[in-house]
Amino acid sequence: MGKRIILAVDFDAFYCAVEEKRDPTLVGAPFIVYQKDCIATLSYPARELGLHKLGSVAAAVRAHPHVRLVNGESLAPYREQGKRLWTFVRAALPGCTIERLGLEEMWIDVTALVESNLAALIEADVLFKGLSEEVTDGLDQGVRLSLATAAAAPEATTGPGEFGYSDGEESSAAAPLETSFLCEDFFFQTPAHVFPTSHGATMPAFLQTESPNPEEFYLDFKLYIASHIARELMLRISLGLGYSCSMGVATNKTLAKMVGSLHKPGGLTVLISSAAREFMGVCHVHKVPYFGAKSRHTLQDAMGHDSARDGDLRVESVWQRYDRPQFSELYPPGQGDKLWALLQGEDDTPVRETGRVQKQVSIEDTYKELTSIPLAEQALQPLLESLLRQLRVDMIGDDGAWLGFPTVLRLAVRVSTGPSTVSNRVSHSHTLTSFAPFYTLPELETSRDLAALAERMRHSLVVPMLHKLCVGQGFRLTGTGPIYFQLLNVAATGVVARKPVITSAAVKPAPTGPIRSAKPARQRKMLDFYFTRK
DNA sequence: TCGGTGGAG
DNA sequence: TATTCTCCACCGA
C-alpha cells in the first residue's frame, strides 16, 4: 500500500479575516474578537503587542487602551463564511475527499490526484528528462498539473486564461473552476518551506541525489507535486475569496496539520517523508493534536514536570523517558497506545468526507446574575429563538428543503449554589418528535413567527426539562435557597436523513409537571412509530 | 440510548 | 486552571 498524501488547510486568524471584510478599517489594526471577557482570537498586529488567545479582554484593554474590540459572540458570520470557503475548495478540487475541522480548517486527501499527475508526468517523459527541448515542445514553457483526478472530471479542462477569478459573492457557485494550471517553475523552485530545512534551499534534495530508495523517491516526488497543487489552491483562495491561509503537506492528517502551523500566516510547508520522526522529536508535546490538557497533565505528573515548564516538554524527552508499554500504562486501556502512536507521528485515520449537514446545532450563553428558576425560564426564550433561527440556516437548503431532521432536544446547564462555585454541565434530552409543531408548522421553513414557536417549545418541552434538571441537582422548584445558573445550552441533536412522521398521536397536550422520561424500550417504540418506513 | 468527558477551533 | 461558543467522538451504565 502506498502512503497517502494529505493536505491540511488552516485559515489565518479566521474570525479576524471575516471581521476585516465587514469593516475594512480593521485591516492592519491591532484588534481583538471577544466573547464576554474572553479573547476568542486577535489580529496579527494585536499578537505583536504580546496579547494572546483566551486572555482577558479587560486586562488587554488596560495594557493597550488603543486596541480595538469586535464582539464575536454570535458565530453566524463565521459559520457562513466558513461554509463559503469549504464550498470553494470543494469546487476547486473535484474528486478529492475533504474533511472539515471546525469552521476554518480542512484536511484534503490528494493521493489520487497527485498520483494521476505523477502518471501523466511519467507518460510525458518529463520526470527524468526535465524540460528538455523535445519535451517543452507542445507543453508551453512549463508543466501542466491537474486539479481533478482523471476519473473525476475528464472533460472539464479548458484553455489557459479562461479561469475567471472573481471577488464577488457567488464566485464559487457560479463559473466552474479551471481544473488545471501551468506550473512553470516545476523543476526550478521549491514552492514551499520544507522540513527539514536542509532539504529546502532551491530544489528538493531528491532531485539532486542518486536515489537509494525508489519508494522514498516517488513518495517525496508526490509530496512535491502536492506542494505545487497546494500553492495553486492557496493562490485561488486568495484571489477568488480574499482569505489568507496556511497549509501543510505530509503523509497523514496529524503531520500535515502540524507542519502546516510552522509558517503562519500564509505559509506552505512540506514534510519530507523520511523526516517524520525527526520532526516529531523536536515538537513540543502541547503542539500535538489530540494530546489535550488532560493527557498532558497526566504525563507531566508522571514525569515530575512543574506546570510552569508546560511548554518546554519536547516529544523527544518523552521518548527518552518511556518505552511504549511504560507510556501506555499512564493512560486508560486503549488510549495510551493511541497517544503513543501520535507522538511517533503515526496516524492512520482516514480523511472523512464531511457531510452536508451537521449532527447537532446548539446555542448557549453564560450568565452572572441568573439567580432563580423563573429567571432561567425567561432566559431560555432568546436561546430557543436563536436555535430555531440557526436550524433554519443549517438544516434547510437553498431550495427550502430540509437537509436533515433533528429528533432530540437537549437542555444543558451549569448550575450551583454560588456565583463562582465550579460545577460541571448536566444535561437532559427529550424527543422532539413529540412536539408536532416543530415539523408541521410552516414557521421554521418560511420565516416569521419564530418567537411564537420558541415560546411553545419553551412551555411544553424545555421548562419541564429545566425543572427536572434542577430537581436532579438537589434544588427545589419552590425553594428559596441560593441558585446560580452559570450557563444555559439548548441543542437540537439526533439528526436523521428522513423526516419523522408526526401523527396525531404525537400531538399531546403540554405536560404540566416535570416530564417523566420514557423507559428505553418504550422510547424506541415511539421512534419506530414516528418514522417513515421503506 | 443517555449523559458525561475530553478534544478540536 | 478555565476562560467563549460551539461541534464531535467515545465511553460506561
Side-chain angles (χ1 to χ4, degrees), chain A residues 8-15 32-42 52-60 71-79 82 99-107 253-254 257 261 286-298 307-308 310 331-335 338-339 342 349 352 354-355 357-368 383 386-387 390 394 407-414 420 422-431 465 468-469 472 486-495 517-527:
Chain A
V9 181
D10 182 353
F11 287 87
D12 300 317
F14 179 57
Y15 287 14
I32 285 169
V33 177
Y34 69 93
Q35 292 161 337
K36 302 291 161 70
D37 188 43
C38 179
I39 298 176
T41 195
L42 63 172
H52 294 284
K53 279 183 187 177
L54 307 186
S56 152
V57 176
N71 188 117
E73 281 157 30
S74 165
L75 301 187
Y78 316 128
R79 290 165 173 260
E99 176 176 340
R100 276 234 269 177
L101 181 62
L103 300 177
E104 59 194 272
E105 289 192 32
M106 286 169 239
W107 280 296
K253 291 200 291 183
T254 299
K257 180 171 162 62
S261 68
H286 73 279
K287 296 282 190 190
V288 181
Y290 303 103
F291 216 103
K294 297 276 180 186
S295 313
R296 232 163 42 232
H297 190 75
T298 300
S307 50
D310 261 9
Y331 296 95
Q335 234 201 276
K338 278 181 198 162
L339 290 174
L342 279 180
T349 59
R352 292 173 192 284
T354 296
V357 196
Q358 301 141 266
K359 300 179 175 173
Q360 66 171 251
V361 175
S362 83
I363 301 287
E364 68 186 39
D365 204 350
T366 52
Y367 307 88
K368 294 213 183 323
L383 283 185
S386 295
L387 182 67
Q390 195 58 49
D394 289 339
T407 60
V408 175
L409 190 85
R410 189 183 62 220
L411 172 69
V413 307
R414 244 172 44 208
S420 51
V422 252
S423 65
N424 291 328
R425 293 162 95 106
V426 290
S427 71
H428 183 55
S429 313
H430 193 270
T431 172
M465 291 167 74
K468 177 166 176 150
L469 273 177
Q486 296 165 353
L487 170 140
L488 298 178
N489 171 297
V490 286
T493 70
V495 174
S517 123
K519 294 270 189 281
R522 162 114 179 95
Q523 262 181 6
R524 172 85 197 148
K525 273 179 73 180
M526 284 169 60
L527 277 178

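So that the names make sense, note that chain A is the first sequence line, chain B the second, and so on, each numbered from 1. Quantities reported herein were computed from a predicted structural model and do not represent experimental measurements.
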A:Pro289 near the nucleic acid: base, sugar-phosphate alone, or nothing, with a heavy-atom cut-off under 4.0 Å?
sugar-phosphate
Once you apply a heavy-atom cut-off of 4.0 Å, does A:Ser56 come out as touching a base, just sugar-phosphate, or nothing?
nothing
By the 4.0 Å heavy-atom rule, please label A:Glu105 as base, sugar-phosphate, or nothing.
sugar-phosphate
Categorize A:Val426 for me: base, sugar-phosphate, or nothing, with a 4.0 angstrom heavy-atom threshold over every strand shown.
sugar-phosphate
For A:Asp37, answer base if it contacts any base atom (sugar-phosphate contacts may also be present), sugar-phosphate if it contacts only those atoms, and nothing otherwise; contact means non-hydrogen atoms under 4.0 Å.
nothing
Could you check A:Asn489 against A:Arg352 and say which one's nearest nucleotide on DNA chain C is further toward the 5' end?
A:Asn489
Give A:Thr41 one of three labels, base, sugar-phosphate or nothing, depending on what nucleic acid heavy atoms sit under 4.0 Å from its own.
nothing
Hey, does A:Arg79 reach any base, or is it just sugar-phosphate, or nothing, if we go heavy atoms under 4.0 Å?
sugar-phosphate
Please work out if A:Ile39 contacts a base, only the sugar-phosphate, or nothing of the nucleic acid, heavy-atom cut-off 4.0 Å.
nothing
Considering only C:dT6, B:dC2, B:dG9, which nucleotide approaches the side chain of A:Val408 most closely?
B:dC2
Have a look at A:Leu54 and say if it touches a base, only the backbone sugar-phosphate, or nothing, with a 4.0 Å heavy-atom cut-off.
base
What does A:Lys53 touch in the nucleic acid at a heavy-atom separation under 4.0 angstrom: a base, only the sugar-phosphate, or nothing?
nothing
For A:Ala491, answer base if it contacts any base atom (sugar-phosphate contacts may also be present), sugar-phosphate if it contacts only those atoms, and nothing otherwise; contact means non-hydrogen atoms under 4.0 Å.
nothing
Residue A:Ser429, side-chain heavy atoms: nucleotide from B:dG3, C:dC8, B:dG6 that is nearest
B:dG3
Scan A:Tyr34 against the nucleic acid and name what it touches under 4.0 Å (heavy atoms): base, sugar-phosphate only, or nothing.
nothing
